[in-house]
Amino acid sequence: MDDTTKRREGAHAMRPPRVLAVASSGGHWAELMRLTPAWEGCELVYATTDPALQADLAGRGDARFVAIPDASRWSRWQLVRLVARLASLMLRLRPDVIVTTGAAPGYVALRLGRLFGARGIWVDSVANAGALSMSGRMAGPHCDLWLTQWPHLGREATGASEGPEYSGSVL
Amino acid sequence: MIFVTVGSQLPFDRLVGAMDRWAAAHPDTEVFGQILTDGQSGFRPQHFRTVRSLAPAEFASRCAAARCIVSHAGTGVMIAAMTHRVPLVVLPRRSGTGEVRNDHQLDTVAHLGGRPGIFVAMTTADLPDALEAALAEGAPRPDMKPEADPDMIARIRAEIFRGRR
């Protein structure tokens, strides 16, 4: 390996991870905001369904913000718009990691991100205290880290070999 | 001011109707509601002032200024109440009535309802008592740490930085 290649690889290892953090507006976004120390020092892009939420990022460094269409009711047209928007984002940003607290748009982002080579982190909402959300169950097989916020739903408690981990909650 | 909010997804006429009756019986208490309906469609209360929706900053300032927040059992408003330390009364939405797709809010209150400063009304009949408790002198205020659990943050951080250094 010549010196140039070495230098280039070294630069890549030193470059901060590029993270795309996705959440629907409302509770999902509020939960995501409580997790921000997890990606301190990373290159951040936040995506959510309400453009006005950009105001929440004031004082959070130079994170970028993008508004994405909502697809909570899985309307076909909205879903097409969402996929197109997220796919163009993935192409431009090339994120290393997708992290999401749900709901449907987060699931779509996680699946698309994986197609583009990113790792995926699903944090099921603390609202889902009785059972994992539907998007959460769907996301499980497609993510690198799958978290529930309730100890009784974690795989240590359920004894299931396939299931989400529990390592605490946002509250 | 009592701040009534139904969140950002779907109207919640059962809650708004119950608060309308409560406001009629308590004309000296100011009630303000964010209810996702505008009177053209859906229920509009007669005894308190409402808006369809609020920008995030307005929502936060309403929460901060309220003596008590009354809402559905959504995590967004729970986090807001804990952030501003304002007593919160929640009425969980129920499926099968068009209020919500499933009964996860019943699970939410079963697990989070015991926290100080969160008063649960399982039905509209329980709402006046829950409100009275939340408005009482010296009622507990909800609280939380400024961030998520350190273990959870560390777990996510480890995954983000996996393979580096």
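Lettering follows sequence order; numbering is per chain, from 1. Note that the structure is a prediction, hence the values are computed from the model and not measured.
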>> Quick check: closest heavy atoms across B:S8 and A:G26, and the distance to 0.1 Å?
In response: OG-CA, 4.1 Å
> What parts of residues 149-158 of chain A touch chain B if we use heavy atoms and a cut-off under 4.5 Å?
Replying inline: A:Q149, A:W150, A:H152
>> Using the rule that Ile, Leu, Val, Met, Phe, Trp and Tyr join whenever any side-chain heavy atoms are under 4.5 Å apart, tell me whether A:V80 and A:L86 fall into a single cluster.
In response: no
> Of all heavy-atom pairs between A:L35 and B:A148, which one has the smallest distance, and what is that distance?
Replying inline: CD2-CB, 3.7 Å
> Between A:V126 and chain B, which part of the residue has a heavy atom less than 4.5 Å away: side chain, backbone, both or neither?
Replying inline: both
> B:V109, B:L112, B:L106: which one forms the most heavy-atom pairs within less than 4.5 Å of chain A?
Replying inline: B:L112
>> Are A:Y166 and A:L132 linked, directly or through intermediate hydrophobic residues, by side-chain heavy-atom contacts shorter than 4.5 Å (ILVMFWY only)?
In response: no
> Using non-hydrogen atoms only, which part of A:E40 is less than 4.5 Å away from chain B: side chain, backbone, both, or neither?
Replying inline: both
> Do you know the tightest heavy-atom contact between A:A129 and B:H111?
Replying inline: CB-ND1, 3.4 Å
> Are B:L91 and B:V100 joined in one hydrophobic group, where the rule is that I, L, V, M, F, W and Y side chains link up if heavy atoms are under 4.5 Å apart?
Replying inline: no
> CG/A:N128 to OG1/B:T108 distance, rounded to the nearest 0.5 angstrom?
Replying inline: 7.0 Å
>> Within residues 74-84 of chain B, which residues come under 4.5 Å of chain A, heavy atom to heavy atom?
In response: B:T75, B:G76, B:I79, B:M82
> B:R101 and A:M134: side-chain contact (heavy atoms from CB on, under 4.5 Å), yes or no, with the steps?
Replying inline: CA-CA 11 Å; B:R101 275 171 303 177; A:M134 193 204 275; over 6 Å; no
> Should we say atom CZ of B:R85 is surrounded by more than 12 heavy atoms from elsewhere, each under 6.0 Å from it?
Replying inline: yes
> Using non-hydrogen atoms and a limit below 4.5 Å, what part of residues 129-141 of chain B faces chain A?
Replying inline: none
> Which one, A:G168, A:A38, A:A55, leads in non-hydrogen pairs under 4.5 Å with chain B?
Replying inline: A:A38
> Same cluster for A:W77 and A:V108 if Ile/Leu/Val/Met/Phe/Trp/Tyr side chains link at under 4.5 Å?
Replying inline: no
> For A:P17 and B:R164, which heavy atoms make the closest approach, and how far apart are they?
Replying inline: CG-NE, 3.6 Å
> By a 4.5 Å heavy-atom criterion (distance strictly below it), what part of A:V170 contacts chain B: side chain, backbone, both, or neither?
Replying inline: both
>> At a 4.5 Å cut-off on heavy atoms, which part of A:A127 comes close to chain B: side chain, backbone, both, or neither?
In response: both
>> Taking every non-hydrogen pair under 4.5 Å, which of A:G27, A:S25, A:S167, A:C42 racks up the most with chain B?
In response: A:S167
> Side chain, backbone, both or neither: which part of A:I121 has a heavy atom under 4.5 Å from chain B?
Replying inline: side chain
> Contact part of A:S125 toward chain B, heavy-atom cut-off under 4.5 Å: side chain, backbone, both or neither?
Replying inline: side chain
> Considering heavy atoms only, which positions within residues 150-160 of chain B lie below 4.5 Å of chain A?
Replying inline: B:D151, B:M152, B:I153, B:R155, B:I156, B:R157, B:E159, B:I160
> Is A:L91 reachable from A:V45 through a run of I, L, V, M, F, W or Y residues, each pair having side-chain heavy atoms under 4.5 Å apart?
Replying inline: yes
> Once you round to the nearest 0.5 Å, how far does CZ of B:R162 lie from CG of A:L145?
Replying inline: 9.0 Å
> chain B: which of A:T36, A:D144, A:V99 shares the most heavy-atom pairs with it under 4.5 Å?
Replying inline: A:D144
